[in-house]
Amino acid sequence: MASDSQGPATATDYITHHIQNMTYGQLPAGYERADGSILSEAAWTMAHSAQEAKDMGFWAFHLDTLGWSIFLGALFCFCFYRVAKKATIGVPGKWAGLLEMMVEMVNKSVKESFHGESKLIAPLALTIFIWVLLMNTMDLVPVDWLPWLAQKLSGDPHLYFKVVPTTDPNTTFAMSLSVFALIIFYSIKVKGVGGFIGELIFHPFESKNIFVKILLVLPNLLLEGVALLAKPVSLALRLFGNLYAGELIFILIALLGWVQLPAHFVWAVFHILIVILQAFIFMMLTIVYLSMAAEKH
Amino acid sequence: MNFNATILGQTIAFAFFVWFCMKFIWPLLLGMIEEREKRIADGLAAGEKGEQKLLDAEQRLQDAIDEGKQKAAEIISKAQKRGDEIVDEARETAKGESARIKESALSEIEQEKEKARQELKDQVATLAITGAEQILMREVDHSAHNEVLKKISQQL
């Protein structure tokens, strides 16, 4: 546990504090704050409780999620750009070799699964893999370190600070919905609007008879629509769920007293698998979905 | 699960990172990797070719050595033959020469013999005449016997 004197009193407080994002948003006039004070007018402010964060509505930002994800994304861009700039055909260094290995792994995966021609798919897959990998890896940093540091630096002992952006559904859904938009874009680009809609309403039940065909439109649309919409939802929830659950277990382990040391180690070792596996699955499924979208039946 | 404007920010960030990767990272890295792959493949192929060439060269070298050995053996045998021939020839020549020398020596000897005999004959005739002269000095009339002496001298 981080700070017993000023910090959360109970285990429940500790857990809820750890799963609350640092939210910045607007509270309406007359709103009763968590500390009992009443706002005289609408104000942009940090949420001091989960309820406040909820009451801020849609126009609020998770500063910790945004900050860490953008920092890690920039780290990805910086590292790879530096290696790409300095890359020579000669013998690569160890660091360059590592990054090139990842690039080749992604390239191989894309070539095996995606048969169309696209300048976007491979860089997209690489970005997803590395970015998600970096964000997931934040889970391996002991749960109290970075929040404690942030609390000390900001001077606010109640500061909410989640360091794993992928435990925020906003992150996973932002990626999966972008992928979803690309799925629809590629479907329409390859098959045309008619082909895309035809795939939705004339499959999986087919008929030669025109009346039966029309009768089957509704059930087909229902099935295909669900299948289509399930893609981004499952993509986002799988990543979010795995990382959120992993994070929660780290938090629970942190409550165990001295037993947390071996327990944390064991779970961290196990979690390394999840960190890499989930990043890989997200990338792989993105490639598969896009190749399905870009293939004519 | 609080959905809020974070999702928009994340989408924009995601799009930016993908764009950056597509523009500045992927083409550079992959182009380089592919070129390196090609270079390595070329290098391996060249290595294999070099090995083949080395084998060929070794084969050729072996052939050349064999050929050289064979030629040398041929030359040696020829030379031996030629040497034998020269020796034979020399022997023949020497034989002929010695015969010729012997011949000429013999004929010279013969000539010398003839000459000596002639000289001897002359000297004997002169001696005989001189002896006869000595003996007959007193009673022989030179003028009366001159004719006889001449005849004898011619007969000799």
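All heavy atoms count here, side chains included; hydrogens, waters and symmetry mates do not. In the text below, chain A, chain B and the rest are named by the order of the sequence lines, each starting its count at 1. In this text the structure is predicted, and so the values were computed from the model without any measurement.
When side chains are defined from C-beta on, Lys23(B) does not count as touching Pro123(A), because their heavy atoms never get closer than 4.5 Å. Between Tyr81(A) and Phe20(B) there is a side-chain heavy-atom pair separated by less than 4.5 Å. Side-chain contact check for Cys21(B) versus Phe80(A): every heavy-atom pair is 4.5 Å or farther apart. Side-chain contact between Val106(A) and Trp26(B): present, with at least one pair of heavy atoms (C-beta onward) separated by less than 4.5 Å. Contact of the Ile25(B) side chain with the Thr127(A) side chain is not registered, since no non-hydrogen atoms from C-beta on lie closer than 4.5 Å.
The distance from the CD1 atom of Ile7(B) to the OG atom of Ser176(A) is 7.5 Å, given to the nearest 0.5 Å. Considering CG of Leu30(B) and CD of Glu100(A), their distance stands at 10.0 Å, rounded to 0.5 Å. Considering CZ of Phe16(B) and SG of Cys77(A), their distance stands at 6.0 Å, rounded to 0.5 Å. Atom NZ of residue Lys85(A) and atom CE of residue Met32(B) lie 13.0 Å apart, to the nearest 0.5 angstrom. Rounded to the nearest 0.5 angstrom, Leu75(A) CG and Phe17(B) CZ are separated by 10.0 Å.
Applying the 6.0 Å contact sphere to CD of Glu85(B) captures more than 12 heavy atoms from other residues, nucleotides or ligands. Applying the 6.0 Å contact sphere to CH2 of Trp44(A) captures more than 12 heavy atoms from other residues, nucleotides or ligands.
At a 4.5 Å heavy-atom cutoff, Ile12(B) makes no contact with chain A through either its backbone or its side chain. Only the side chain of Asp168(A) has a heavy atom closer than 4.5 Å to any heavy atom of chain B. Contacts of Ala53(A) with chain B are made by both backbone and side-chain atoms, with heavy-atom separations under 4.5 Å. Contacts between Ile19(A) and chain B at a heavy-atom distance below 4.5 Å are absent for every atom of the residue. Proximity to chain B (any heavy atom under 4.5 Å) is restricted, for Thr23(A), to the side chain, taken from C-beta onward. Both the backbone and the side chain of Trp59(A) come within less than 4.5 Å of a heavy atom in chain B.
Checking side-chain atoms of Thr6(B) against main-chain N and O of His62(A) turns up a donor-acceptor pair under 3.5 Å. Listed for the Asn170(A) side chain is a donor-acceptor partner under 3.5 Å among the backbone atoms of Asn4(B).
A ring-centre distance under 6.0 Å is found for Phe173(A) and Phe3(B).
Annotation: maximal heavy-atom pairing with chain B below 4.5 Å, among Asn107(A), Ile70(A), Asn21(A), Ile128(A), occurs at Asn107(A). Between chain B and the residues Ala125(A), Pro92(A), Gly25(A), the largest count of heavy-atom pairs under 4.5 Å involves Pro92(A). When each of Leu28(B), Leu29(B), Ile40(B) is checked for heavy-atom pairs under 4.5 Å with chain A, Leu29(B) comes out on top. Highest contact tally toward chain B, considering only Ala74(A), Ala50(A), Gly57(A), is held by Ala74(A) [criterion: heavy-atom pairs under 4.5 Å]. The candidate from Thr171(A), Thr172(A), Leu177(A) with the greatest count of non-hydrogen atom pairs under 4.5 Å with chain B is Thr171(A).
Minimum interatomic distance between Lys119(A) and Met22(B) (heavy atoms only, all atoms of both residues): O-CG, 3.7 Å.
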Walk me through it: do Phe14(B) and Leu124(A) pass the test side-chain contact (heavy atoms from CB on, under 4.5 Å)? CA-CA 9 Å; Phe14(B) 181 52; Leu124(A) 174 76; 3.8 Å; yes
Stepwise side chain to side chain donor-acceptor pair (under 3.5 Å) check, Thr65(A) with Gln10(B): CA-CA 9 Å; Thr65(A) 301; Gln10(B) 292 290 69; 5.8 Å; no
